[in-house]
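This report concerns only the one structure given below.
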Amino acid sequence: MGKADFLSPKAIANRIKSKGLQKLRWYCQMCQKQCRDENGFKCHCMSESHQRQLLLASEDPNKFMDHFSDEFKSEFLELLRRRFGTKRVHNNIVYNEYISFREHVHMNSTQWETLTDFTKWLGREGLCKVDETPKGWYVQYIDRDPETIRRQEEQAKKKKQELDDEEKTARFIEEQVRRGRDGKEIDETPVFTELKRESEEEKVAFNLGASSSVAGPSKSSASLGPSALKAAASSSSSSSSTKRKDTSSDTRGEKKKKSALEEIMEMEEKKKQSVRTDHWLQPNIVVKVVTKRLGERYHKKKAVIMEVRDKYGAVVKMIDSGDKLKLDQNHLETVIPAPGKQVMILNGPHRDTKALLEGIDEKNFSATLTLDSGQQKGKRVNVAYEDFSKLA
């Protein structure tokens, strides 16, 4: 009988069957062959190639079982990591997606008899977090990639540093408020009393300080001796000088005393000048892609930063192709232009300042820049290579 035509229903049905999954009972893991029915599986078991594979497996069965178990475990975990990440998911959902691949390793050829046994083993080995519920077993992948752990540690460190800075600022403001309240309590408030005379015949006298001494002695003072007059004059002059000193010291103290807002602004300015930051990305600067994960198409190619996200990430536009990529600052480096070009200072005391590149010092890995903006415009400074980049 001749072979069925390519477009005949039988040929189309055979192709559909060959593409899809078949029954597990008619699959030979040693030969990695799927048979369609019982008769085909029987013929395969009687074939010479299958007998040779059985002889090889009989010599060291544990070796083949360990190989299939390792392959099943690695493919299952890779699918769990790539497809679901660190989310909590039902183990049967992952397994159904895994067996949809036709060439997968079947579980009956591994050391685990059921999916539940395999899930428990993952929990005991510390590869996943597993928990049993009335709906079944759930798994959650534990990401132990060194790069991921390092990134999480950096994010935690940055968050802690930001919290420490905010706490220091809040503590400083509280201290200023407390000092202001204490100063107000110390100041004496004037007390106004009613003028009362003990007798109608008594005269009211006002002591006007220096004016009274200029006007001359009164009649009552004339009866006193000259020594008493001298002592009174010396006491009045000393009291007036102490008053002048007190007033001058008060005015100096008022001049020196600053508000809490001014002190905070000065502290922030000093902090900006002295402390270097661990992020340097700025929009509208030219950078170079240094990561190889994107392939040779983007490696060592220049791009312009269009947008900065979360201080440590940026959306860049490639100069050659015009493609837009989202990259971390660890995957980028600064670009040094030719002398005479305009650059942007990205770190240090002159951060966010435009400058002109005057010269390059290759021995010290730095460059001489002339500030082109700010209060110190025209000043020459030495800046390291990684602290400035070309402006777009």
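Values below: every heavy atom of this structure, side chains too, minus hydrogens, waters and symmetry copies.
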- prompt: With a 4.5 Å heavy-atom cut-off, do Ile360 and Tyr385 have their side chains touching?
  reply: yes
field: Side-chain heavy-atom pair Lys158, His279 within 4.5 angstrom cut-off
entry: no
field: Glu125 side chain vs Lys120 backbone, donor-acceptor pair below 3.5 Å
entry: no
field: Test item: Asp361 side-chain N/O and Thr368 main-chain N/O as donor-acceptor pair under 3.5 Å
entry: no
- request: Compare all side-chain heavy atoms of Glu386 with those of Glu333 and state whether any distance is below 4.5 angstrom.
  value: no
message: Using modelled atom types and a 3.5 Å cut-off, is there a donor and acceptor pairing between side-chain atoms of His350 and backbone atoms of Val381?
response: no
- prompt: Do Arg351 and Thr277 pass the side-chain hydrogen bond (donor to acceptor under 3.5 Å, both in side chains) test, and can you show the C-alpha distance, the side-chain angles, and the key distance before you say yes or no?
  reply: CA-CA 10 Å; Arg351 182 184 176 92; Thr277 59; 2.9 Å; yes
message: I'd like to check Glu97 versus Phe84 (side-chain heavy atoms, cut-off strictly below 4.5 Å). Are they in contact?
response: yes
message: So that I can tick it off, tell me whether Arg171 and Glu174 are bridged by a salt bridge, with the cut-off set at under 4.0 angstrom between side-chain N and carboxylate O.
response: no
task: Run the salt-bridge test on Arg52 and Glu48 with the 4.0 Å N-O cut-off and return the result as yes or no.
output: yes
statement: Taking every heavy atom of Leu357 against every heavy atom of Leu369, the minimum-distance pair comes out as CD1-CD2, 3.5 Å
query: Can you check whether Val286's main-chain N or O pairs, donor with acceptor, with Ser389's side chain at less than 3.5 Å?
result: yes
Donor-acceptor contact present, side-chain Gln329 to main-chain Asp278, <3.5 Å: yes
query: Do the non-hydrogen side-chain atoms of Met107 and Tyr95 ever get within less than 4.5 Å of each other?
result: yes
task: Evaluate the side-chain proximity of Val289 to Leu332: yes if any heavy-atom separation is below 4.5 Å, no if none is.
output: yes
query: Knowing that exactly one of Val308, Ile305, Asp352 qualifies, which makes a side chain to side chain contact (heavy atoms under 4.5 Å, CB included) with Gln282?
result: Asp352
- line: So CG of Leu79 and CD1 of Ile99: to nearest 0.5 Å the spacing works out to 11.5 Å
- prompt: Is there a donor-acceptor pair closer than 3.5 Å between any side-chain N or O of Ser109 and the backbone N or O of Phe68?
  reply: no
- prompt: Is Asp310 atom CG crowded by more than 12 heavy atoms from other residues, nucleotides or ligands, each under 6.0 Å away?
  reply: no
statement: NZ (Lys129) and OG1 (Thr86) are apart, to the nearest 0.5 Å, by 9.0 Å
- request: Would you give the length of the straight line joining atom CG of Leu346 to atom CD1 of Ile285, rounded to the nearest 0.5 angstrom?
  value: 4.5 Å
- request: Check side-chain hydrogen bond (donor to acceptor under 3.5 Å, both in side chains) between Asp372 and all other residues, then give those that pass, not counting sequence neighbours.
  value: Gln342
message: Looking at Thr370, is its backbone amide N or carbonyl O close enough to the side chain of Arg380 to form a donor-acceptor pair, meaning the two atoms are under 3.5 Å apart?
response: no
- prompt: With distance as the sole criterion, is a donor-acceptor pair present between the side chains of Ser366 and Asn364 under 3.5 Å?
  reply: no
- request: Enter the distance from Leu55:CG to His50:NE2 here, rounded to the nearest 0.5 Å.
  value: 10.0 Å
message: I'd like to check His299 versus Glu296 (side-chain heavy atoms, cut-off strictly below 4.5 Å). Are they in contact?
response: yes
query: Do Phe388 and Ile336 touch side chain to side chain, with heavy atoms closer than 4.5 Å?
result: yes
field: Lys/Arg-Asp/Glu bridge criterion (N-O < 4.0 Å) met for Arg81, Glu78
entry: yes
message: I'd like to check the side-chain hydrogen bond (donor to acceptor under 3.5 Å, both in side chains) partners of Asp328; sequence neighbours left out, ordered by chain and number.
response: Asn330
task: Under the ring pair (Phe, Tyr, Trp, His ring centres under 6.0 Å) rule, collect the residues that match up with Trp112, sequence neighbours excluded.
output: Phe118, Trp121
- prompt: Which distance, rounded to the nearest 0.5 Å, do you find between the NE2 of His331 and the CG of Leu294?
  reply: 8.0 Å
- request: Look up atom CG in Asn91 and atom CZ in Phe76, then write down how far apart they are to the nearest 0.5 Å.
  value: 6.5 Å
